[in-house]
Structures are given as C-alpha cells and as structure tokens.
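Please read these numbers as outputs of a predicted model, since none were measured by experiment.
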Amino acid sequence: MAEAADIPRTGPSAARRWLGRGAALLAGTALLGGLLNPATAAAAGAPQAPAADAKARTAQPVSVSLDSFAPAAPVKGDRLTISGTVTNQSKRTITDAHVGLRVGPVLNGRSAIDHAARRDGFSPGADGLEIDEEYAQEIDSLAAGRSLPFRLSVPVDDLDLDSEGIYQLGVSLSGQTAAQPYEQVQGIERTFLPWQPKAAGGQTSLTMLWPLISTPHLTAETDSDEEQTPIFEDDSLAEEIAPGGRLERMVALGRELDITWVVDPDLLASVDAMRGGYRVRNEDGTTRAGSEQSEKLATDWLASVESAVAGKKIVALPYGDPDIASIAHRGKNVSGSLGRLKDATDVAASTVETILHVKPSTDFAWPVEGAVTPSVIDVATSAGARNVIARSDSMREAGSLTYTPSAARPIGGGTTAVVSDDRLSTLFQGDMTKAGNATLAVQRFVAQTLMTTLQDEGNERSLVVAPQRMPTASQARTMAEALRALDDERWSTPQNLTAAAKTEPDARATTRVPGNGSYPSALRKQELPKAAFEEIKETQDRLDRFKVILTNQDRVVPPFGRAVDREMSTSWRGLPEEAQQFRSVVSTYLNQLIGSVQLIEKSEAKLSGHSATIPVTVQNNLLQGVDKLVLRLESSKPTRLKIGEGRYQDQPVKVSGGHSQSVKFTTTANANGPVPVRAQLYTEDGRAYGAPIRFDVNVTEFTPTVMLVLAGGVLLLVLAGFRMYTQRKRQARELEAEQGGTPGDPGAGPAGEGQDGDGGPGQPGDHGPDTAPESPAPSGPGETVDR
C-alpha cells in the first residue's frame, strides 16, 4: 500500500490549518471548561464527561488500533511514526478512504488527559482537523469485516506544535459508504503527544515499584526421606521462571531499569527449594519427580535475580505477602494473628539475605491496592512497618491543591504513608498482549508524568508508581517501555522507594487517613473471612503442642510456620475455595504427622496372678525421635485392679524415629473378672497427646476363699491316708499274735521263713511282717525307726 507521501493530495493551506487549529482550541477549551475545576485539575479524581460531549459522540463503524508510536516523547527534529490497523466493523464497504493524523488542543491538567482517553466517537471541535494530507495514507476500499494495516510518518516540526504541554493526537479513518456518499470520519483513536521543546524548570522524582511476587506453591508437606524433598502443589512456578515466563520477564526487563524491587521472600524460598530436587503432586494425590530442567531453571533464575538486584534498592514484604487489610478487618481479634504477621516480617530479611546475599528493607507494608484505614495502619505498624504504601484514590486531597503533591505524608506515630499515584499505578492492568492497548498505556504514562511536572515546575516533587502485585509478561513489557521513554530524564529522574519515603513532605498535602468505613466494599468482599484466621490459629496451636515432643524441631516447625504464613497471603483474595483447600491440605498433613506417634491398640490383657505387668506399645513413624512424652495407664476400678500404687501410673516415653517401644506397668489384682483401663499419652506440660486407647484387663487369679477350700481338701486327703496306714499296722500285729510267737523269741526262724510240716505261719508264700523285729541295739544307717 502506497503511503500518503507517494500519492500527493491537495491539502489545506497553512492558514486554513491554523484556523482549524484555533477552532479546535476554542472548542476544546470550552469543552474542558465544563469538565475541570482549575483548583482541582491536578489532584482530584477523573470527572464525568459533559453532556454536550456525550451528544457529540457518534457510533464508530471502524475500529482504529495504534500498534506503535515512536518516539514516545519526541523532540525537535524527530520524525514521528505511528503504525496500526483499521478494521471495518460495519456491514457496509467503505470507499475513497484515508487514514489521517489530527492534532488536537493542548490539554489543561491531568483530568483532561483522563477525559480524552475515555471519550468515544468523533467530536469535530475537540478532535481538531487533519494535518497536511500529504502525510495521510490512502485506502481505496475497506470491505465489511476486513482489516488493513497503516503507517503514518511525519516530521515533528510539521505538526506546528506551539508551547510545551500534552497534545491530544488522533488517528482517524475518513471515507464514505453507499448509504452516506460523502466523506466523514468513520473511526478514530486518540492518544497523547508530550511536547517539551526546552529544558524543564524542574524535574519530578519518579519511583517505580517492581514486584517479584507469586501465588503460594508449597504447603508444608515433604517426601518421607532424609532430605525432606519438598512437594509442590503443581509445576506452575517452573513455567513462570522459564524463558518467556512471567517471572523470567520481570527479572530480565527490570535488570536494565532504575527501579525498586519489591520481593516476597516466599517466592525466593520456593524457587530455592526447587534447586535441590523436588516433587509435584498429581491430581490423584500421588507425586512425581520434578524435572532436572526445572531444577536448572531455578538455579539460573535465582542467579539472574541476584545479579539484577545488585546495587539496587530491594524491599522485602513479610513472608508470604500476608493480607494486612484482612488481618485488620477480620483477623486481629483472633489470638495469634498479629503474632504471625510479626513472625513473617522477622523472617523476611534473613530469607532474602540468605538467598540473594543482599540486605533488604523490611519496614514497608503494602496493603492491597494501597487502600488504607486506621485499622490497616495499626496492624501494619504492629509488625514493625514504619512506611505504608498507600494510593492517592484512598488518601484523597481535600481539593485545595492545583498540583500533585509529593508521595511522603507523615500520619503520626512516626509512620509515613508513601502515597502512590493512582492514575499511573493502574495504567498497566489491562490486556497488554494487544499492541494497541500497550501503546496507549505508554503514551498516557509519559503524558501524565510530564503534566505532573508542568503543574508546578518550581516545586520539585516525588511520584511513586505501585502497579499490580503480579504483572503478566506483557504488562511488565509495557511498564518497561514506559520507563524507557523517560530514560533521558527530561522531566523526571529516578528515585528509590526509601528516598521517596524520606522526601520532605508537602505541608499542604493531606495526612488524614480515611475512616474504617471508607474501605472499598469491592475489596472488603475479597478478604479472608474470620473463620480462616480461626483455622490458622487452630493449626498453629496443634503445631505448638506437637513440636515440644520432637528431638529435631527444625525439620517440622519452620516448614509449617511458613505454610501458615502462606495461608494469610494476599493472593487468596477473590479465591475463597482455593484458599480453603490450601488450609485444609496444611491441616491434614499436620494431623498425619501428629498421628505418626500413637499407641498401638490392644483388645484385652489377661492377668493370671495376684500381681503382674501390663505392656503398652508406643509407635513412632516419624523420621526423628520423640521425647518429653508421658504415658499414663489408668484403671477404671482401682479397688479391683491397682496400677502402680493406685488408680494410675505415669511413665516417661522416648522413642527413636521409625521404632516402637513397649512400656510396662505393674498391676495388683484384688478380684477376678474384666476391668476396663485407659492408656493416654501426655506431653510433659500435662496436655493430652493423640487419642487414648481402652482395653480390658481380664483377672483370672485365685481368691482367698478358693485357697481355703483347696487347702481343706488337701488336709482331708492327708488325714485319710494316715488313718489307712495306722489301720494296716494294727491288723499286721494282730495277725502275728494269732500265729503264736512274738518277734525275737529263740527258735523262731528268719522273718518270712516257714516251719517244717506246719501249715501255719512260716509256710512258703506268706508275707513277712511290715516292719523288722524291735531290738534294743541302735538302729542301723538308713533304717526307719518306728516309735
């Protein structure tokens, strides 16, 4: 497509151009007169569009996109080049068309820039006339639904720019249709041309915050190995630090810029955890090993961060970027919430210093979107912050200033509110993947910064830009382009955040923090609920009770402490289900660890004696030993079954990691039958640990009554045997007397020998007497003496 310079057209004369410019200026002045109050043009929020302007708007059948604008802030002798795309959104073909450039009036104040950026349609008075048509681009025909590129190039000197200031610049497509066979503007897009032909009387100090923040990726769970390999909820962090990823772009772009890095230490710690090997949770709950490539990405990214921040100012947020406003409005009355915020602040510096080898500032708090209230300030300062990053749409000026004041505002108690500029801070929140959006954002940025300087050139001020916490890669690129457009420091000079906070405050600027009721309702709806802080407290309480039994607390306490910090993260705003799921994962894993130290169930114990020992087993499935535990065994009926010396007995417990230990208790039974007993672990401070176990002790010992009965039976048996013995002896003596003879008479034969021819005693086969004949001589050895 031939450019306008190649197809000359008859353009308006210089006089006609100046006449048109004058008419446009008059129309624009009248238009803006109803829009702006000169006393508040600089500091007040954007006003509503006048009714007259609304009536002047017309529907745009053609969409005009400005995909490039260079240079963003031209000087004399430069050539301005604008390229883009025109798209016919109507159902009719547009013929005899051309794309032309229109220079509108100099804008009066920052609000005028806002208004011009919002206007739709074409307004002949406010949008001005086209410049010489030799710089237009012909388009013979633009069919319905079709898009065509364009490129305009014009010497800046031919734009006939007058005094310094911000000029509205419009790119329009003019043509005709069969229904309207005459030339008219079919579509227009407006942007801004900052013009400063001579050195400014002063410069504005500009502070750009460059946030390195991400969502939580780690809970507290680790693999069951000695190295405690971390387990990531997903592998999205590897994507963010990969080439072209969001965080990789933030670092690569920020390296060449004069900015203040704002870092969440949790992000650094999470990437650092990837370097030594990590695992990723699958959807079914199993885990897989992270790739070696991702481990290398983590090493490379941290090295690039360390290199990029060298010599730059770095601010560390509290660990996990806790939601200060949620704590102030929902959590501060829940015990422990403020303590957790203080702990997150204390650990921030050591984390950053360990990983990046730089000492960060930790005395800055950054509430969501800079919205502050007295309670937000109180919570922020309770954790050690002395500077709170607010935003100008929260701390609004009273309306007496005609310029944007410096950022630093003393608000009492030694605390400074560093008020970021809301216009500049929100410029890059749109879809910057579209070149047209990015180009417009850059031009508005340079226009607003120049306008701020021109408001009161003799009064040098500081301006702070606090963009969204997690810019996309395209948003980061657009932010970098906007800053690079100011590299020549013509009307601004870079300044770090610490210096901005120490800038001499403007005595006329507001220092009033808006009341608690002024907090935006849209932001309040996104806050963590009170129930979330109660869950966090309950998790922390269980962790405190658990840690006292561990022989190596560092393996458990820091990971869980950091996980609890992440539960308060600002990134959970607007994601209540995801936040609840994260808290549930942390709580469930802690319960699993606590349950790894437990009592082994027993069904019954039998006691078959008057006294015996009962073993109870303590199992430790942790990788480390446990100590400072006490096991108590308690009888429900101590009159029947004593444990130790009474109702219960306590014994200390110490179990090595991965082992079990049986603890034996001495018992005394006073009756038979089952007796319920209860075993419970306690910490040394008397708190119950884990669930108790209950079982019966079945006593089967003999009681005293039974022993008496048995003893009586034995005695009867002995007496019966003795009686039988005495009766037998008597019968033997009687038989011997009947046979005629007494033991020891001469002529009597040996005992047991029979007499010759006699059928009486002494015959073969007769039994001898039960005892030998009595003798006066001493008994021989081994003989039984019958007395």
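- Evaluation of the side chain to side chain contact (heavy atoms under 4.5 Å, CB included) rule for Ser335 yields Lys537 as partners, not counting sequence neighbours.
- For the residue pair Glu233 and His217, no side-chain donor N or O sits within less than 3.5 Å of a side-chain acceptor on the partner.
- Side-chain atoms of Ser636 come within 3.5 Å of backbone N or O of Pro676 as a donor-acceptor pair.
- Distance alone, capped at 3.5 Å, places no donor-acceptor pair between the Thr511 side chain and the Ile411 backbone.
- Taking the six-membered ring where the residue is Trp, the centroids of Tyr278 and Phe232 are separated by under 6.0 Å.
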Take Asp685 and Thr683 through the test side chain to side chain donor-acceptor pair (under 3.5 Å) and record every step on the way to the result.
CA-CA 5 Å; Asp685 58 1; Thr683 55; 2.3 Å; yes
Should Asp650 and Arg632 be marked as a salt bridge (charged side-chain N to carboxylate O under 4.0 Å, His left out) after you check the CA-CA gap, both sets of side-chain angles, and the distance that decides it?
CA-CA 4 Å; Asp650 291 343; Arg632 173 176 295 179; 2.8 Å; yes
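- The salt bridge (Lys or Arg N to Asp or Glu O under 4.0 Å) analysis of residues 654-667, with sequence neighbours excluded, yields no pairs.
- Using modelled atom types and a 3.5 Å distance limit, the side chains of Thr613 and Thr666 yield no donor-acceptor pair.
- Judged purely by distance below 3.5 Å, without hydrogens or angles, the side chains of Gln680 and Glu634 never pair a donor atom with an acceptor atom.
- The CE atom of Met395 sits 11.0 Å away from atom OG of Ser420, with the distance rounded to the nearest 0.5 Å.
- No donor-acceptor pair closer than 3.5 Å links the side chain of Thr588 to the backbone N or O of Val585.
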Would Gln475 and Gln468 satisfy side chain to side chain donor-acceptor pair (under 3.5 Å), going step by step from the backbone distance to the final call?
CA-CA 10 Å; Gln475 289 169 346; Gln468 58 272 33; 2.9 Å; yes
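- Listed for the Ser294 side chain is no donor-acceptor partner under 3.5 Å among the backbone atoms of Ala238.
- Other residues, nucleotides and ligands place no more than 12 heavy atoms under 6.0 Å from the NZ atom of Lys628.
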Apply the test side-chain contact (heavy atoms from CB on, under 4.5 Å) to residues Leu209 and Ile389: give CA-CA distance (whole Å), side-chain angles for both, the deciding distance (0.1 Å), then the verdict.
CA-CA 10 Å; Leu209 306 189; Ile389 303 171; 3.9 Å; yes
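- Between the Ser425 side chain and the Ala466 main chain, a donor and an acceptor come within less than 3.5 Å of each other.
- With no hydrogens or angles considered, no side-chain donor-acceptor pair links Lys312 and Thr260 at under 3.5 Å.
- Rounded to the nearest 0.5 Å, atoms CG (Asp321) and OG1 (Thr215) are 11.5 Å apart.
- Under the 3.5 Å distance criterion, the side-chain polar atoms of Ser569 are matched with a main-chain donor or acceptor of Ser571.
- We find the CG-CG distance between Asp565 and Leu341 to be 9.0 Å, quoted to the nearest 0.5 Å.
- At least one donor-acceptor pair under 3.5 Å links the side chain of Gln228 to the backbone N or O of Arg555.
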Should Arg583 and Glu567 be marked as a salt bridge (charged side-chain N to carboxylate O under 4.0 Å, His left out) after you check the CA-CA gap, both sets of side-chain angles, and the distance that decides it?
CA-CA 6 Å; Arg583 294 193 299 271; Glu567 291 181 359; 5.6 Å; no
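- Salt bridge Arg542/Glu538: present, at least one basic N to carboxylate O contact under 4.0 Å.
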With side-chain contact (heavy atoms from CB on, under 4.5 Å) as the criterion, how do Val352 and Val358 come out once you've worked through the C-alpha distance, each side chain's angles and the decisive distance to 0.1 Å?
CA-CA 7 Å; Val352 173; Val358 294; 4.2 Å; yes
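- A cation-pi arrangement is present between Arg562 and Tyr319, with the terminal nitrogen or guanidinium carbon under 6.0 Å from the aromatic centre and inside a 45° cone about the axis.
- Here CD of Glu369 is found 11.0 Å from CG of Asp422. Values are rounded to the nearest 0.5 Å.
- Side chain of Ser584 to main chain of Gln581: no donor-acceptor pair is present (N/O by atom type, distance under 3.5 Å, no hydrogens or angles).
- Counting heavy atoms of neighbouring residues, nucleotides and ligands inside a 6.0 Å radius, atom CZ of Arg687 does not exceed 12 of them.
- Phe560 has its ring centre less than 6.0 Å from the ring centre of Tyr589.
- Checked by atom type, the side-chain pair Thr286/Asp284 shows a donor-acceptor distance below 3.5 Å.
- Atoms CD and CH2, on Glu577 and Trp572 in that order, are 12.0 Å from each other to the nearest 0.5 Å.
- Within a 6.0 Å sphere centred on CD of Glu604, heavy atoms belonging to other residues, nucleotides or ligands number more than 12.
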Report the C-alpha distance between Asp234 and Arg281 in whole Å, list the side-chain angles of each, state the deciding distance to 0.1 Å, and finish with yes or no for salt bridge (charged side-chain N to carboxylate O under 4.0 Å, His left out).
CA-CA 6 Å; Asp234 54 45; Arg281 190 183 308 281; over 6 Å; no
Worked check of side-chain contact (heavy atoms from CB on, under 4.5 Å) between Val677 and Asp696
CA-CA 6 Å; Val677 297; Asp696 289 340; over 6 Å; no
Run the numbers on Asn387 and Thr415 for side-chain contact (heavy atoms from CB on, under 4.5 Å), then give the verdict.
CA-CA 6 Å; Asn387 303 284; Thr415 304; over 6 Å; no
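- In this structure, Arg275 fails the cation-pi test against Trp301, since its NZ or CZ atom is not both closer than 6.0 Å to the six-membered ring centre and inside 45 degrees of the ring normal.
- Checked against Val586 for a side-chain contact (heavy atoms from CB on, under 4.5 Å), the options Asn591, Leu543, Thr539 give a single hit: Thr539.
- Between Asp264 and Ser214 there is no side-chain heavy-atom pair separated by less than 4.5 Å.
- Side-chain atoms of Asp544 do not come within 3.5 Å of backbone N or O of Val548 as any donor-acceptor pair.
- Using a distance-only test at 3.5 Å, with no hydrogens or angles considered, no donor-acceptor pair links the side chain of Thr667 to the main chain of Lys642.
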Please table the atom pairs, donor to acceptor, closer than 3.5 Å between any side-chain atom in residues 520-533 and protein atoms at least two apart or in another chain.
unit_1: Arg524; atom_1: NH2; unit_2: Asn516; atom_2: O; d: 3.1
unit_1: Glu527; atom_1: OE1; unit_2: Arg330; atom_2: NE; d: 3.2
unit_1: Glu527; atom_1: OE2; unit_2: His329; atom_2: ND1; d: 2.6

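- The local environment of CZ in Phe695 is crowded, with over 12 non-hydrogen atoms from other residues, nucleotides or ligands closer than 6.0 Å.
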